[in-house]
Amino acid sequence: MKRNLVYSFARYLITTAIVAGIVFVCNRLIHVNATTVALCLLIGILFISAIWGIRQAIYMAVLSTLAFNYFFLPPLLNFTIGDRQNWVALFAFLTTGIVASQLAERARRETLASNRRRRETERLYEFSQRLLVTGNIIDLLAAVPATISATFNLRGAALCLAANSRIYRSSPDFMDVSADALRESLHSREHTKQGTDVILVPIHLGMRTTGALGIAGSSLSPEMLDAIGGLIAIAIERAGAVETLGKSEAARESERLRNALLDSVTHELRTPLTAILASITSLRSDAKFNAEQREELMTVIEEEAERLNRLVGQAVEMAELDAHEVKLDLAPHNIREAIDESLAELPLETTQRVQIQVPATLPHVSMDIARIAKVLQHLLENAAKYSPAGSPIFITAAVERGKLITSVADRGPGIDDLERMMIFDKFYRGQSQRYRVHGTGMGLAIAKAIVETHGGTIEVTSQLGQGSLFSFSLPIE
């Protein structure tokens with residue numbers, strides 16, 4: 001209060017000095033006519049009104065009128081006015097000064113209000129952007145009070161959620177807004193003021209109460225407080241909707257995987273089991289088999305058992321990769337070593353179709369050679385399954401942008417755009433091929449997981465009727 005009085009006194013003193021300066025210059029130094037003096041004084045009044053406001057401007061208008069009368073209207077150096085026309089001029093000057101000061105003050109107030117609204121709008125936009133960053137509703141509720149305090153320069157803020165009456169504060173030591181007051185404001189439709197600078201704002205979304213906001217140290221307008229409350233309500237509703245959508249998507253994905261797994265079990269696991277049971281039943285029957293027939297049935301049992309073992313092994317490997325429980329045995333190797341190791345595990349009819357185009361000058365790359373060989377094995381098996389018998393399969397490798405790119409190309413039917421987006425998902429198999437070609441849909445998913453564990457990426461490009469190109473990259477250290 002004392003400081004405000006000092007500032008006010010200083011303004012009146014400066015205003016007096018300005019009037020005295022104009023009078024001195026016009027009366028002693030340049031000797032101008034009364035009209036020029038009046039215009040100079042009016043400019044001073046407008047200047048003071050634009051800077052400090054209406055009070056100092058009216059004071060300057062009255063002081064200027066007295067000075068104008070005393071120093072520039074005859075008889076000079078006397079407050080008496082001899083000519084009636086000068087009375088008109090004097091009152092016209094006083095009226096003009098007051099009206100001009102009021103207009104300048106109105107323009108100043110509107111400018112200040114416009115700037116305040118602009119700053120509030122900018123802060124409101126910044127606040128809305130911060131709210132949109134967080135999608136998790138728990139993180140959002142915890143961050144809202146601190147975000148409000150930081151954005152609008154408040155002493156503190158607290159948020160009460162209507163659903164569970166839980167209180168979230170901008171900082172643990174901010175207790176200016178009590179929990180009871182926040183809970184009581186949940187049932188109000190208007191702002192409530194507590195003390196000198198604490199305001200409670202109910203948050204509504206339509207006719208439904210979402211929560212209550214308590215802020216301290218605020219100079220925000222009621223409209224701005226309503227806008228903040230509306231943004232908080234929308235952000236909470238949006239985060240809840242995103243969370244619900246995520247759970248729904250997860251449920252749909254779980255259902256899709258469950259159906260895919262059942263489909264895989266039905267068409268892959270039951271086939272070898274059926275063959276094994278049929279062979280065992282035949283061997284145990286009273287039918288007379290010669291040595292060659294018995295050996296053939298035993299071979300069927302052995303092959304189908306190995307197939308079952310391979311399917312179970314793939315499932316276990318996929319589970320380990322998903323759980324990040326695989327430890328890589330990394331060492332520098334040439335990609336040709338992995339290619340040769342993968343070919344050794346494939347049947348002869350597949351290896352005979354493979355054409356290798358790998359330069360001998362390729363650098364060594366840090367890799368788990370057994371795992372990368374398995375990636376190539378899965379890619380080559382897929383190429384052999386889905387391309388015409390006897391058609392060539394190409395393996396190429398090259399260095400691009402600091403990575404070793406290895407590709408496997410076939411001349412199969414190709415993959416359409418929709419299936420390319422899901423081709424590396426677990427248990428996914430092409431719609432047109434799932435009943436024609438045996439498989440579980442885990443091979444490419446395993447290959448993708450292995451490559452990503454190495455810090456690389458895998459992708460596919462394809463053209464319907466022309467074939468597909470599977471490429472994976474490994475970083476060169």
Side-chain angles (χ1 to χ4, degrees), residues 268 272 298-318 320-321 326-399 403-412 424 437-454 456 458 460 467-474 476:
E268 288 301 312
M298 295 296 291
T299 302
V300 169
I301 294 173
E302 182 180 7
E303 289 178 350
E304 296 302 328
E306 288 179 355
R307 182 178 170 189
L308 272 176
N309 182 58
R310 186 169 61 255
L311 293 175
V312 173
Q314 286 183 350
V316 171
E317 184 178 16
M318 190 71 253
E320 290 176 346
L321 289 168
V326 176
K327 293 183 179 180
L328 299 179
D329 183 17
L330 297 176
H333 291 281
N334 190 286
I335 192 63
R336 184 59 190 258
E337 299 176 52
I339 294 172
D340 293 339
E341 188 168 326
S342 66
L343 291 175
E345 299 295 326
L346 294 174
L348 182 62
E349 59 267 22
T350 299
T351 58
Q352 289 177 342
R353 299 166 56 184
V354 176
Q355 298 182 18
I356 304 173
Q357 301 172 358
V358 176
T361 56
L362 289 176
H364 283 57
V365 176
S366 179
M367 70 174 78
D368 184 330
I369 189 168
R371 299 282 181 182
I372 297 301
K374 184 155 291 189
V375 171
L376 287 163
Q377 183 181 339
H378 285 305
L379 296 180
L380 291 169
E381 285 178 347
N382 264 24
K385 285 179 185 178
Y386 294 101
S387 58
S391 62
I393 301 172
F394 302 94
I395 301 178
T396 59
V399 175
K403 295 181 179 180
L404 177 65
I405 310 295
T406 306
S407 303
V408 175
D410 61 55
R411 294 181 178 174
F424 294 103
V437 179
H438 293 297
T440 61
M442 288 190 291
L444 291 179
I446 291 173
K448 180 175 183 287
I450 292 174
V451 171
E452 290 180 347
T453 305
H454 280 77
I458 188 169
V460 59
S468 303
L469 176 70
F470 287 85
S471 302
F472 65 92
S473 65
L474 296 175
I476 300 176

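Predicted, not measured: the structure shown is a model, and the values here were computed from it. Quick note: numbers below take in every heavy atom, side chains included, and nothing from hydrogens, waters or symmetry partners.
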Evaluate side-chain contact (heavy atoms from CB on, under 4.5 Å) for M367 paired with I335, printing each intermediate quantity in order. CA-CA 9 Å; M367 70 174 78; I335 192 63; 4.1 Å; yes

Taking it one step at a time, do D368 and I450 satisfy side-chain contact (heavy atoms from CB on, under 4.5 Å)? CA-CA 9 Å; D368 184 330; I450 292 174; over 6 Å; no

Taking it one step at a time, do L346 and Q377 satisfy side-chain contact (heavy atoms from CB on, under 4.5 Å)? CA-CA 7 Å; L346 294 174; Q377 183 181 339; 3.7 Å; yes

Apply the test side-chain contact (heavy atoms from CB on, under 4.5 Å) to residues V354 and I395: give CA-CA distance (whole Å), side-chain angles for both, the deciding distance (0.1 Å), then the verdict. CA-CA 7 Å; V354 176; I395 301 178; 3.6 Å; yes

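Between atom OG of residue S342 and atom CG of residue L380 there is a gap of 5.5 Å, rounded to the nearest 0.5 Å. Between S471 atom OG and L379 atom CG the span is 9.0 Å, to the nearest 0.5 Å. Summarising the geometry, atom CD belonging to E345 is positioned 12.5 Å from atom OG1 belonging to T350; distances are rounded to the nearest 0.5 Å. Taking CD1 from I446 and NZ from K374, the interatomic distance works out to 7.5 Å, rounded to the nearest 0.5 Å. The CD1 atom of I356 lies 11.0 Å from the OG1 atom of T396; values are rounded to the nearest 0.5 Å. Here the straight-line distance linking atom CG of L328 with atom OG1 of T453 works out to 6.0 Å at 0.5 Å rounding.
Listed for the R411 side chain is no donor-acceptor partner under 3.5 Å among the backbone atoms of G467.
Between L376 and F472 the shortest side-chain heavy-atom distance falls below 4.5 Å.
Nearest heavy atoms, G412 versus D410: N-OD1, 2.9 Å. Across all their heavy atoms, R353 and A383 have their closest contact at NH2-O, 4.2 Å. Looking at every heavy atom in both residues, S366 comes nearest to H454 through O-CD2, 4.3 Å. Heavy-atom minimum distance, N334 versus A360: ND2-O, 4.5 Å. Between L404 and V399 the shortest heavy-atom distance is CD1-CG2, 4.3 Å. Listed here is the closest heavy atom pair of E337 and I369: CB-CD1, 3.4 Å.
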